[in-house]
Amino acid sequence: MPQRTGGHDQTGENSVTADQAPDPVPATGATALPVAIVTGFLGSGKTTFVRGLLDAGGSGRTAVIVNELGELGIDGALLEGAARSVIELPGGCMCCESRGDVGRALALLAERASELDAVVVETSGVSDPLGVADLLAHGVFPADLRLSQVVTVVDAENFDRNLADADAAYSQIVSADLFVVGKSDLVAPDVVTAIGERLAVLNPHAAVLPSDGGRSAAGLLGEVAGVPAISARRQAVHTEPGYDSVAWETNREIGLDRLLAWVEALPPNIYRVKALVRQGRTDVAVHRVGARVTVLASAGARREPGDGRTRVVAIGRGIAAESMRAELDAMEPSDEETA
C-alpha cells in the first residue's frame, strides 16, 4: 500500500516522495508544461471531476498533485491508475504549510516534463488557489511551468451555504477561468440555471462547462493560452479558519453497515467525511457532504487480498476528536472475530 508521509508518487518504478524532489533550479527554456488548478469547496466533487477529466483525456500523460486537509490521503487512491503520476500531499494548506511540498512536487514533475502533456493540481476544499498560482508565477523550475487555467467545481446542492459560510469558497469562485457545476443531477434544472446566473455576476470572466464528466475540459489541459483570472488577485485567503480534521485508520476489515450507520448519525458540525473501506477484494469509498451519504466502489484494486485497511477522514467545526476516534476504535473486530 502506498505510504503517505509528506507526498508520494504512486507510479511503481518511478516511486519517489515529494520531499526527495530537487529544489527548483533555473529553467532551460523548454516548451512550457501547462498546469491546471482544480479547486472547489469541501465535497463539491473535485476528485470525481479530476477522475473524469483524466479518463476523458485518454493520453495517460497527465500528472496530478492532490492536497488534502486531513492527515491521511484518500483522494489520491481514488485517482490511481488514471494518471501518469499521482503525488499526494495530506495535511496542510497549499498557500502556507504545504507550499514547500507543492514546490518540490512541481519541481519533481518538471524534471519529467518530456514524459507529460499536463499537470493537474487539486487543492484542498478550504484552500485559496492563489497560493499555487503565485508559486507557478514566481517559482523557478527545471522546466517551464505555466498556469493554464483554474477550474472551480461548485456544489449545486450546497451552493448558498458554502458561499455564505466560507471566504475560501468565494475566493475559489472569483479565481476561476472555468466553472463546473457539480451534483447538478441532485437539484432542479432551474436551480442550476440560477447558479450559473449568480456565477456570472461574481465572475463574468469564467465560462460554465457542462457537467459531462470532464470531457469538455479534457481538451483544454494541454493548452497555455490567455491570462488566467487569478492573476488579477493580490492576496490569498489561507486555509479556512475554524475547520478541524480527524484521521483514523485500521489494518482490520470493519463492517461497512456499521461504519455507514456511524457516518449517518454524525452531528451537523461534521460537514465532510471521506473513507476507503476494504470489503473482501473490493475497496468501497464512503462520502458524506452535509447530510448526504453516498457509497461507491472505488476504481482500482490498491491493496493485496487480505489487507483490510480502512481510512476515515472527518472535517468540520468543533470536532470532539478523541471521542470520535474511540467510536471508530470500537468498530474494530476482536482477535477472536478475525481468527
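These numbers come from a predicted model, not from an experiment.
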Using the side chain to side chain donor-acceptor pair (under 3.5 Å) criterion, which residues pair with [X]? Sequence neighbours excluded.
X: D155; value: N158, K183
X: T39; value: T123
X: D329; value: W248

query: CZ of R317 to CG of D165: how many Å apart, nearest 0.5 Å?
result: 6.5 Å
field: Partner residues of R292 under the salt bridge (Lys or Arg N to Asp or Glu O under 4.0 Å) criterion, sequence neighbours left out
entry: E157
query: Under the salt bridge (Lys or Arg N to Asp or Glu O under 4.0 Å) test, which residues partner R198, sequence neighbours left out?
result: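 Salt bridge (Lys or Arg N to Asp or Glu O under 4.0 Å) list for R198, sorted by chain: D160.
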task: Sequence neighbours left out, what pairs pass salt bridge (charged side-chain N to carboxylate O under 4.0 Å, His left out) with at least one residue falling in residues 185-196?
output: none
- prompt: Can you list every salt bridge (charged side-chain N to carboxylate O under 4.0 Å, His left out) pair that touches residues 260-271, not counting sequence neighbours?
  reply: none
Residues which pass side chain to side chain contact (heavy atoms under 4.5 Å, CB included) with [X], listed by chain and number, not counting sequence neighbours:
X: A321; answer: V246, R325
X: A314; answer: I270, V273, M324
X: A164; answer: none
X: S323; answer: A320, E327

- request: Say whether, by atom type as modelled, one donor and one acceptor occur between the side chain of T152 and the main chain of Q172 under 3.5 angstrom.
  value: yes
- request: Assess whether side-chain hydrogen bond (donor to acceptor under 3.5 Å, both in side chains) is satisfied between D128 and Y170, documenting all intermediate values.
  value: CA-CA 9 Å; D128 188 328; Y170 176 79; over 6 Å; no
